[in-house]
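One structure is given below, encoded as structure tokens.
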Amino acid sequence: MTTRFQDTLTGDVRPLEPRETGHVRIYSCGPTVYGPAHIGNFRSFLFADLLVRYLRYRGLRVTWVMNLTDIDDKIIRGAAAEGITTGALADRYAERFLADADSLGMTRPDVLPRATDHIPQIADLVATLVEKGHAYRTDDGSYFFRIASWSAYGQLARLDPDAMRVGERVEADEYGKDDVRDFALWKGPKPGEPSWDTRIGPGRPGWHIECSAMSMAHLGPSFDIHTGGVDLVFPHHEDEIAQSEAATGLPFVGTWMHCAHLRMGGEKMAKRTGNIARVADLIASGVSPRALRCALISVHYRAPLNYTDESLPAAAAAVERLDALLAALAAYSEDRPDDAGLPAVLDAMRDGFESALDDDLNVSAALGAVFEGVRELNRRLDARTMSTGDAARAAASLRALDAVFGFTAPADDELAPDLALMLEARATARATKQWAESDRLRDELAAAGIAVEDTRDGQRWRKVAPSG
RNA sequence: GGCGACGUGGCGAAGUGGCCUAACGCGGGGGUCUGCAAAACCCUUAUUCAUCGGUUCGACUCCGAUCGUCGCCUCCA
């Protein structure tokens, strides 16, 4: 069984064949750091995270690059409104982005390049495009890509350039472009705007060019996978292909993968419509980050995901089911021969998980396989057919798969000393049948976020996320 | 106007020619276990896959039409 992904450009579902055997190079369009990202943005970042985690699970080496766009119109506007530099504003929201990403358990990309750190590379790319006749300079010092020079333009988005609604939807000519559909590579200097002096003159980078320059700088002229939200297909990624391939003469990306929108109230979550929710706000209101992560990644990446009030409680319950099993396996102790049926259960779980994710990252089916395994393990726990060693092996298997989802808490969670004392006191109370006292301690621990459950193996406890 | 995606139980969602009287998660109902709980397990909750036609021995799955929802064509994850 090979790992297959659907490519937006061709529509084909093809086996992943990295250019370098065993090493996958991935570029993900990251946030523009002009404000806090919302959970719709994070759906797309977490989809890339899932992809990276799975490929690593599969034993592949992955180099993952995610850019931070730290210069654009919105950043300039925001900085001006606050009377600070664009760099200061960008730094603030870059930090905020990383904090949100961390709280969601997102894998840190190997490289998080910033546009303003790649000005020379961007200028070089523009210069090359001019040399090759694909770009031109206008009177104000801006540079544009000449769409007419690139016959494949529109292929990714399946758009006919001649049918584009020029004048109505396409921005009217403001810089003296040759063709109103040509897009900016470089914006000439303007009063009050940051500007960099380069070999192509002063100014600042356009949006699309930075991703071409940074992906080439960190992954080479051709790499394996490029991810982003569907809303980036056009014009952003279309433009990236045109300018990159026109400059290098090489195929830019092996597989384009695009994540469908997160919806709220039936429509795309977007700042401009105001139907947004933010990671830090949700967590501050008591939502479990792991439940939020689960809610954002457990639907196939190419399917729209509607976020509602019920999303979080349902996801939280699913995550807790996993937590509860892991806690039960850790507490389980039975001196008996190994359960002969267990290996088949664990194999079936793993096989179902892998074949589902191999199939274009079918996360729902993968979760189905895992939860079938969960039920089977719970049965064996109830029936006490497993040995202590079986329980440890089962837990290890489950954690290996969960490393891809990133839902469960770390195994070595320690209990605070005062809570540990309460737990001990409760065990003593129960031993002497002081029910009132033991119930009081259970309530108190629950209030501290610790669920205590009594079993044949004695008390077992686990941390429970606040409801949300 | 052009292009594209989608419509499966109370909710989310997998399946995509026969094993589907339809996985899995959440929720509901009943039961077992428990000092009481919780967790867990068992039973139960769609003879049906937007609607209508067609192809086929056979369709949720293929084709067509209709209705509905969403997205892109402008900044956007």
So what's [N] paired with, Watson-Crick or G-U wobble, going by both distances under 3.5 Å?
N	answer
B:A5	B:U69
B:G35	none
B:G18	B:C57

Taking the [atom1] atom of each, how far is [N] from [M], in whole Å?
N	M	atom1	answer
B:G17	B:G29	C1'	37 Å
B:A39	B:U34	C1'	11 Å
B:A14	B:C24	C1'	7 Å
B:C70	B:A50	C1'	15 Å
B:U61	B:C6	P	14 Å
B:G15	B:A23	C1'	8 Å
B:G7	B:U16	C1'	15 Å
B:G27	B:A59	P	37 Å

In plain terms, say whether A:Asp358 and A:Arg4 are close enough for a salt bridge, that is, a side-chain N and a carboxylate O under 4.0 Å apart. no

Check A:Asp402 with A:Arg53, please: is the shortest side-chain N to carboxylate O separation under 4.0 Å? no

Walking RNA chain B from its 5' end, the first of A:Phe234 and A:Asp231 to be reached, judged by nearest nucleotide, is A:Phe234

With nearest nucleotide decided by heavy atoms, which residue, A:Gly368 or A:His236, maps closer to the 5′ end of RNA chain B? A:Gly368

To the side chain of [X], which of [options] is closest?
X	options	value
A:Cys29	B:A39, B:A77, B:C42	B:A77
A:Glu267	B:G71, B:C24, B:C73	B:G71
A:His261	B:C24, B:U74, B:G71	B:G71

At under 4.0 Å, does any side-chain N or O of A:Lys268 touch on OP1 or OP2 of B:C72? yes

Classify the ring geometry of A:Phe183 against A:Phe145: parallel below 30°, tilted from 30° to 60°, perpendicular beyond 60°. parallel

Angle between ring planes, A:Tyr301 versus A:Phe47, binned at 30° and 60°: parallel, tilted or perpendicular? parallel

Is any side-chain heavy atom of A:Lys187 less than 4.5 Å from a side-chain heavy atom of A:Asp73? yes

So if I define the base as every atom that isn't primed, P, OP1 or OP2, how would nucleotides 31-38 of chain B read as a B/S/- string at a heavy-atom cutoff under 4.0 Å? ----BBBB

Summary of protein contacts for nucleotides 2-17 of chain B, nucleotide by nucleotide, where a base hit scores B, a sugar-phosphate-only hit scores S (4.0 Å, heavy atoms): BS-------S-SSS--

To the nearest angstrom, the CG-C1' distance between A:Asn378 and B:A40 comes to 5 Å

From CD of A:Glu372 across to C1' of B:A40 the rounded distance in Å is 18 Å

Side-chain donor-acceptor contact under 3.5 Å, [X] with [Y]:
X	Y	result
A:Asp390	A:Ser387	yes
A:Thr63	A:Asp110	no
A:Tyr93	A:Asp70	no

Please evaluate residues A:Gln243 and A:Ile209 with respect to the criterion side chain to side chain contact (heavy atoms under 4.5 Å, CB included), reporting the C-alpha separation (whole Å), side-chain torsions for both, the decisive distance (0.1 Å), and the verdict. CA-CA 7 Å; A:Gln243 68 203 178; A:Ile209 194 75; 3.7 Å; yes

I would like to know whether A:Phe405 and A:Phe353 meet ring pair (Phe, Tyr, Trp, His ring centres under 6.0 Å); could you show each step before the answer? CA-CA 11 Å; A:Phe405 297 132; A:Phe353 168 89; 5.5 Å; yes

